[in-house]
*Asks:* 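Let me begin by handing over the structure; questions about it come next.
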Amino acid sequence: MNFKAFLFDCDGTIINTDRLIMNAWRAATDFMLPGKPVNEQDLRKHFGRTFDEAAMLLAQEFGVDDYNPEEVAEVYWTYHKGHPEDIDGVFPTVAEALKSLKAKGIPMGIVTSGFYETCSKELEELGVREFFDVIVGAGDVTQPKPNAQPALICCERLGVEPKEALLIGDSKNDIACGNNAGCTTAIVSWSLCNINNLQGVEKPDMVISDAKQLLEYI
């Protein structure tokens, strides 16, 4: 298979934000679920969901129904934006692959559930922002992942049809977004998501274990 464009999720796919996301969620759940025994596994099982969905499920699991979603989100994003030291760089081989793809003239975009400004700044600081022609963030869509809209907008801005694009992500919502849009989809093996249990619209077409594999698809 050959593709005319590549769409990437950001956190967990390009940037190793696992520690940052975990710590931001700890801050959020300390605020939302004070005194509750929330452990790492409770948080990990919701990685890849939208923030609002994950917060709602955690509240249900711990018997809390009087939280303010906007206040919880503010705690989460305040931590996320304020602790760049929790980012552990770009995943191995990713920068090398992006550089090679860019040199071959392949259009590339980011499809993130986060905010454009945060994503762009993190990519810039890690030296890989220049490889991406488009960033579609939370403020660009009315229907976030797993809806098709983010991928469709990214394809439109890159000037390609969805069937001509490969979407690469680390979560089931990434894969569902791409599949719903009509893209081919790939999940990365360094994902925190259990990639062996994905079914239906959340099932990827392929698994990428090394970002340099992408060069085989141009």
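Note that the numbering runs from 1 along the sequence shown for the chain. Scope of the values below: all heavy atoms of this structure, side chains included, with no hydrogens, waters or symmetry mates.
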*Asks:* Would you compute the distance between atom OG1 of Thr185 and atom CD of Glu202 and round it to the nearest 0.5 angstrom?
*Replies:*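 CD of Glu202 is found 11.0 Å from OG1 of Thr185.
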
*Asks:* Using distance alone, with no hydrogens and no angle criterion, decide if Asp210 and Thr93 have a side-chain donor and acceptor under 3.5 Å apart.
*Replies:*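 Judged by distance alone, the side chains do pair up.
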
*Asks:* Check salt bridge (charged side-chain N to carboxylate O under 4.0 Å, His left out) between Asp30 and all other residues, then give those that pass, not counting sequence neighbours.
*Replies:* none

*Asks:* A quick test of your reading: do over 12 heavy atoms of other residues, nucleotides or ligands sit less than 6.0 Å from NZ of Lys45?
*Replies:* yes

*Asks:* Checking the side chain of Glu96 only, and the main-chain atoms of Lys212 only, is there a donor and an acceptor separated by less than 3.5 Å?
*Replies:* no

*Asks:* Taking a hydrophobic cluster as the set of Ile, Leu, Val, Met, Phe, Trp and Tyr residues connected by side-chain heavy atoms closer than 4.5 Å, whether directly or through intermediates, do Met22 and Leu33 fall within one such cluster?
*Replies:* yes

*Asks:* Considering only heavy atoms from C-beta outward, does the side chain of Leu101 approach that of Lys104 to under 4.5 Å?
*Replies:* no

*Asks:* Please lay out, stage by stage, how Ile187 and Asp174 fare under the test side-chain contact (heavy atoms from CB on, under 4.5 Å).
*Replies:* CA-CA 8 Å; Ile187 198 163; Asp174 296 329; over 6 Å; no

*Asks:* Is the side chain of Gln213 donor-acceptor paired with the backbone N or O of Ser209 at a distance under 3.5 Å, no angle test?
*Replies:*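 Such a contact is found between Gln213 side chain and Ser209 backbone.
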
*Asks:* Do other residues, nucleotides or ligands put more than 12 heavy atoms under 6.0 Å from the CD atom of Glu70?
*Replies:*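 No, not enclosed.
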
*Asks:* Do Leu152 and Pro162 have side chains that get closer than 4.5 Å, going by heavy atoms?
*Replies:* yes

*Asks:* Is Glu161 salt-bridged to Lys4, going by a charged N under 4.0 Å from an acidic O?
*Replies:*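 No, no charged N to carboxylate O under 4.0 Å.
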
*Asks:* Please check if the side chain of Gln149 supplies one atom and the backbone of Val141 the other of a donor-acceptor pair under 3.5 Å.
*Replies:* no

*Asks:* With sequence neighbours excluded, tell me which residues meet salt bridge (charged side-chain N to carboxylate O under 4.0 Å, His left out) with Lys102.
*Replies:*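 For Lys102, the residues satisfying salt bridge (charged side-chain N to carboxylate O under 4.0 Å, His left out) (neighbours in sequence not counted) are Asp133.
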
*Asks:* Please verify the inter-ring angle class for Phe51 with Tyr76; under 30° counts as parallel, over 60° as perpendicular, anything in between as tilted.
*Replies:* tilted

*Asks:* Walk me through whether His80 and Thr118 qualify under side-chain contact (heavy atoms from CB on, under 4.5 Å).
*Replies:* CA-CA 9 Å; His80 195 288; Thr118 302; 4.0 Å; yes

*Asks:* Are Ile87 and Ile21 connected, step by step, through hydrophobic side chains (Ile, Leu, Val, Met, Phe, Trp, Tyr) whose heavy atoms are closer than 4.5 Å?
*Replies:*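 Looking at the clustering, Ile21 is in a separate group from Ile87.
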
*Asks:* Drop me the distance from Ile135's CD1 to Cys119's SG, to the nearest 0.5 angstrom.
*Replies:* 4.5 Å

*Asks:* Tell me, do Met108 and Leu98 make a side-chain contact under 4.5 Å, heavy atoms counted?
*Replies:* yes

*Asks:* Side-chain contact test, heavy atoms from C-beta onward, threshold under 4.5 Å: evaluate it for Leu58 versus Glu61 and give yes or no.
*Replies:*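 Heavy-atom side-chain distance check passes, below 4.5 Å.
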
*Asks:* Of all the heavy-atom pairs spanning Cys155 and Leu7, show the shortest one and how long it is.
*Replies:*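 Looks like SG-CD2, 3.9 Å.
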
*Asks:* Is there a side-chain contact between Lys172 and Pro146 in this structure, where contact means two heavy atoms from C-beta onward sitting under 4.5 Å apart?
*Replies:*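 Sidechains of Pro146 and Lys172: no contact.
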
*Asks:* Checking side-chain hydrogen bond (donor to acceptor under 3.5 Å, both in side chains) against Lys145, which of Asp9, Asn173, Asn180, Thr112 comes through?
*Replies:* Asp9

*Asks:* Identify the residue among Val94, Ile14, Ile168 that makes a side chain to side chain contact (heavy atoms under 4.5 Å, CB included) with Val188.
*Replies:*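 So, applying the side chain to side chain contact (heavy atoms under 4.5 Å, CB included) to Val188 and each of Val94, Ile14, Ile168, only Ile168 qualifies.
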
*Asks:* Ignoring hydrogens and geometry, is there a side-chain-to-backbone donor-acceptor pair from Thr29 to Trp25 under 3.5 Å?
*Replies:*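 Yes, the answer is positive, given that a donor and an acceptor are paired below the 3.5 Å cut-off.
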
*Asks:* Please round to the nearest 0.5 Å and tell me the distance separating atom CZ of Arg26 and atom CG of Asn39.
*Replies:*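 If I round to the nearest 0.5 Å, the distance is 9.5 Å.
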
*Asks:* Whether the side chain of Thr17 engages the backbone of Leu20 through a donor-acceptor N/O pair (distance < 3.5 Å, no angle test) should be reported.
*Replies:* no

*Asks:* Please evaluate residues Trp190 and Asp170 with respect to the criterion side-chain contact (heavy atoms from CB on, under 4.5 Å), reporting the C-alpha separation (whole Å), side-chain torsions for both, the decisive distance (0.1 Å), and the verdict.
*Replies:* CA-CA 8 Å; Trp190 52 89; Asp170 70 307; 5.7 Å; no

*Asks:* Identify the two heavy atoms, one from Phe91 and one from Thr13, that lie closest to each other, and give their separation to 0.1 Å.
*Replies:* CD1-O, 3.5 Å

*Asks:* Under 4.5 Å between any side-chain heavy atoms of Tyr67 and Met56, yes or no?
*Replies:* yes

*Asks:* Evaluate whether atom CD of Glu74 has more than 12 neighbouring non-hydrogen atoms of other residues, nucleotides or ligands under 6.0 angstrom away.
*Replies:*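 It does not: Glu74 CD has 12 such atoms or fewer within range.
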
*Asks:* Looking at Asn16, is its backbone amide N or carbonyl O close enough to the side chain of Asp88 to form a donor-acceptor pair, meaning the two atoms are under 3.5 Å apart?
*Replies:* no

*Asks:* Between Phe6 and Ile15, is there a shared hydrophobic cluster once you connect ILVMFWY residues whose side-chain heavy atoms come closer than 4.5 Å?
*Replies:* yes

*Asks:* Give, for atom OH of Tyr217 and atom CE of Met206, the distance between the pair rounded to the nearest 0.5 Å.
*Replies:* 4.5 Å

*Asks:* Does Ser120 reach the side chain of Phe115, with side-chain heavy atoms less than 4.5 Å apart?
*Replies:* no

*Asks:* Go through the steps to decide whether Thr184 and Asp205 satisfy the test side chain to side chain donor-acceptor pair (under 3.5 Å), and finish with yes or no.
*Replies:* CA-CA 6 Å; Thr184 301; Asp205 296 300; 4.6 Å; no

*Asks:* Tell me whether Ile218 shares a hydrophobic cluster with Leu167, the cluster being built from Ile, Leu, Val, Met, Phe, Trp, Tyr side chains joined at under 4.5 Å.
*Replies:*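 Cluster IDs for Ile218 and Leu167 differ.
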
*Asks:* Which atom pair, heavy atoms only, marks the closest approach of Ala95 to Val90?
*Replies:* N-CG1, 4.0 Å

*Asks:* Rounded to the nearest 0.5 Å, what's the gap from CD on Glu130 to CZ on Phe132? Could you check?
*Replies:*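 Reported to 0.5 Å precision, the distance equals 10.0 Å.
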
*Asks:* Decide side-chain contact (heavy atoms from CB on, under 4.5 Å) for Asp140 and Arg157; before the verdict, give the C-alpha distance in whole Å, the side-chain angles of both, and the deciding distance to 0.1 Å.
*Replies:* CA-CA 12 Å; Asp140 297 297; Arg157 292 180 180 178; 3.6 Å; yes

*Asks:* Do the side chains of Leu166 and Val201 join up, straight or via other hydrophobic residues, at under 4.5 Å, putting them in one cluster?
*Replies:* no

*Asks:* Using a 4.5 Å cut-off on heavy atoms from C-beta on, say whether the side chain of Leu214 contacts that of Phe3.
*Replies:* no

*Asks:* If the condition is salt bridge (charged side-chain N to carboxylate O under 4.0 Å, His left out), which residues does Lys36 pass it with, not counting sequence neighbours?
*Replies:*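 By the salt bridge (charged side-chain N to carboxylate O under 4.0 Å, His left out) rule, Lys36 matches no residue at all.
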
*Asks:* Please report the closest heavy-atom contact between Leu158 and Ala5, naming both atoms and the distance.
*Replies:*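 Closest pair (atom of Leu158, atom of Ala5, distance): CD1-CB, 4.2 Å.
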
*Asks:* Quick check for you: to the nearest 0.5 Å, what is the distance between Gln41 atom CD and His46 atom NE2?
*Replies:* 9.5 Å

*Asks:* If I compare all heavy atoms of Gly109 with all of Cys154, which pair ends up nearest, and what's the gap?
*Replies:* CA-SG, 3.9 Å

*Asks:* Just wondering, more than 12 heavy atoms not from Glu156 lying within 6.0 Å of its CD?
*Replies:*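 It does not: Glu156 CD has 12 such atoms or fewer within range.
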
*Asks:* Using every non-hydrogen atom in the two residues, find where Ile208 and Ala186 come nearest and quote the distance to one decimal.
*Replies:* CG1-CB, 3.7 Å

